[in-house]
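My structure is below; once you've seen it, I'll send some questions.
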There are 2 protein chains.
Amino acid sequence: MANFEALFNYIQEISGKQLSDDDKHLLTVHFKPKKLRKRQYFLQEGDVCKYIGFIVKGSARTFTVDEKGHEHILKLSLENWWLADFESFYLLTPSRFNIEALEDLEVLQSTNAQIEEFLKQIPAFSAMANVISQNYTIANQNRMQAAMSFTAEERYEDLISNYPHFLQRFPQNMLASYLGLSPETLSRIRKNSFK
Amino acid sequence: MANFEALFNYIQEISGKQLSDDDKHLLTVHFKPKKLRKRQYFLQEGDVCKYIGFIVKGSARTFTVDEKGHEHILKLSLENWWLADFESFYLLTPSRFNIEALEDLEVLQSTNAQIEEFLKQIPAFSAMANVISQNYTIANQNRMQAAMSFTAEERYEDLISNYPHFLQRFPQNMLASYLGLSPETLSRIRKNSFK
DNA sequence: AAATACGCTTGATATAGGTCAACTCAAGGT
DNA sequence: ACCTTGAGTTGACCTATATCAAGCGTATTT
């Protein structure tokens, strides 16, 4: 039995609206539980991101691999976040990204077509989508600004203050890549700021 | 008489839906034309971004000023784009950004409360908002990835292929700042790629 | 028309952060 | 228990890009 309560609570909390029993039934039928073990891929480069996942448990990273074989983490995701390459998911084009479980991962997943149905049929779901869209826009704006005008050290401090729990959940080399730094540089930054 | 046709066409095109005469009337009443001369500010740091503007004519830049007094352009905007610091606009918090007209600017502007009304009352408007939200999410994802994993030269080429008209409309030092580069570096990149 | 400011270029130099390599330590696999 | 693998650290060196400075040409102001 999968844990749908996490999803229900999330929708209700974000949207500020209640889900009816019918709503819950609809969600239960069309969100499919999926488990991935650490290191398994939710999405591989070149594939279409057919599913969006709601993370019930675990963590994941979204990353690209450049021509030199270097990985760049674009996103780190935890419980109660949505997991997808949105470009591929919305447009059904092949993805340039990989999404990999960093810990054993439990998601509830569904397709774009099905999400469209939820948006039409479940008011709380559609209200949630609007709030998320706002939050994403704000978060993106801030992250972009940090990436453009902050030094490595400032970006690290920004991360600490915005997502302190990331330090507990993700290994340092993953945080470095997320911040656009080499692991060595992050190690040195931490050394200096500890003094 | 302000040019509302640009706004109507935009909404209908993006949403794929028609606006009724009533819809148009409502928009006409609650979007206020505003003209700014080159160098005037649409928003100043510290102020709340009370209005969102639809650009009918002209261009603008959204930028921050860091402690060293250096400006960083986060966004360049042209006709048929929306102009706002979304964080400040949605949350009504003081903005960290400045928005300045780079050319004489004509916008149609409205408040957040009024936009909420449009979303409820005008189906084409709300459909448009959903499409824009998708487009923004995709564009942000791509821009973030470019910022994190591309070299200066790659970012410039990325800009050329995604927004070729920017080269005509914006001076080179603005493009440099938008790309997170010094004007000197962009100048040298162009010199090298021309040969 | 003169004066001024500004955008762009070019050269010389500085620096933040990357790369490479070696070492340590902890964790997982057999 | 042993071996291997991978994360983290540290040092030496390197490179992409920033900074500073000067000069040129073209708008803009007066």
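Each chain gets a letter, A, B and so on, in the order its sequence line appears, and its residues count up from 1.
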Donor-acceptor contact present, side-chain B:Lys68 to main-chain B:Val65, <3.5 Å: no
Stepwise side chain to side chain donor-acceptor pair (under 3.5 Å) check, A:Glu106 with A:Asn3: CA-CA 9 Å; A:Glu106 280 178 59; A:Asn3 179 10; over 6 Å; no
Shortest side-chain distance from A:Asn173, nucleotide among C:dG18, C:dA12, D:dA7: D:dA7
Side chain of A:Ala152 (C-beta onward), nearest among C:dG11, C:dG17, D:dT10: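 Of the options given, the side chain of A:Ala152 lies nearest C:dG17.
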Minimum-distance nucleotide (side-chain atoms of B:Glu184 versus D:dA21, C:dG18, D:dG8):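 Ranking D:dA21, C:dG18, D:dG8 by closest atom to the B:Glu184 side chain puts D:dA21 first.
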Selection from D:dT9, C:dG18, C:dG17 that lies nearest to any side-chain heavy atom of A:Thr151: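 The nucleotide sitting nearest to the side chain is C:dG17.
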Under-4.0 Å side-chain N/O to phosphate OP1/OP2 contact, B:Lys191 with C:dT10: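 So the side chain of B:Lys191 is within the cut-off, an N or O lying under 4.0 Å from OP1 or OP2 of C:dT10.
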A:Thr137 side chain vs A:Ser133 backbone, donor-acceptor pair below 3.5 Å: yes
Length of the line joining B:Lys68:NZ and D:dA18:C1', which is rounded to integer Å: 11 Å
N/O donor-acceptor pair under 3.5 Å between A:Ser95 side chain and A:Val48 backbone: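 Here the side-chain-to-backbone pair does not exist.
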B:Arg155 side-chain N/O to B:Leu179 backbone N/O, donor-acceptor pair under 3.5 Å: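 Present.
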Any donor-acceptor N/O pair, B:Glu100 side chain to B:Thr62 backbone, under 3.5 Å: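 Side chain of B:Glu100 to backbone of B:Thr62: no pair is present.
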B:Arg143 to B:Tyr178, cation-pi by 6.0 Å centre distance and 45° axis angle: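 Yes - B:Arg143 lies over the ring of B:Tyr178, closer than 6.0 Å to its centre and within 45° of its axis.
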Separation of atom CE in B:Met174 from atom P in C:dG7, rounded to whole Å: 6 Å
Donor-acceptor pair under 3.5 Å, A:Arg188 side chain vs D:dG11 base: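 Per atom types, the contact qualifies.
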A:Thr185 side-chain N/O to C:dG17 phosphate OP1/OP2 under 4.0 Å: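 For A:Thr185, the contact criterion (side-chain N or O under 4.0 Å from OP1 or OP2 of C:dG17) is not met.
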Pairwise 5' ranking along DNA chain C for B:Pro171 and A:His70, keeping only the more 5' one: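 Comparing both residues, the 5'-ward one is B:Pro171.
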Closest to the B:Leu181 side chain, choosing from D:dT17, D:dG11, C:dA12: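 Closest nucleotide among those given: D:dT17.
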Euclidean distance, atom CZ of residue B:Phe170 to atom C1' of C:dG7 [Å, nearest integer]: 16 Å
Distance in angstrom units between A:Gln172 CD and C:dC25 C1', rounded: 14 Å
B:Met148 CE to C:dG18 C1', straight-line distance once rounded to whole Å: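 One finds 14 Å between C1' of C:dG18 and CE of B:Met148, rounded.
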Length of the CG-C1' vector between B:Asn192 and C:dC8, whole Å: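 From B:Asn192 CG to C:dC8 C1': 15 Å.
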Side-chain donor-acceptor pair present, B:Asp22, B:Gln121, cut-off under 3.5 Å: no
Residue-phosphate contact under 4.0 Å: A:Ser187 side-chain N/O, D:dG8 OP1/OP2: no
A:Arg39 (side chain) and D:dT5 (base): donor-acceptor pair under 3.5 Å: no
Nearest-angstrom distance from the residue atom CD1 of B:Ile189 to P of C:dT9: 12 Å
Produce the list of close N/O pairs, under 3.5 Å, pairing protein atoms with atoms of nucleotides 25-30 of chain D; give distances to one decimal.
none

Length of the line joining B:Ile73:CD1 and C:dG7:P, which is rounded to integer Å: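 Spelled out: CD1 on B:Ile73 to P on C:dG7 is 11 Å.
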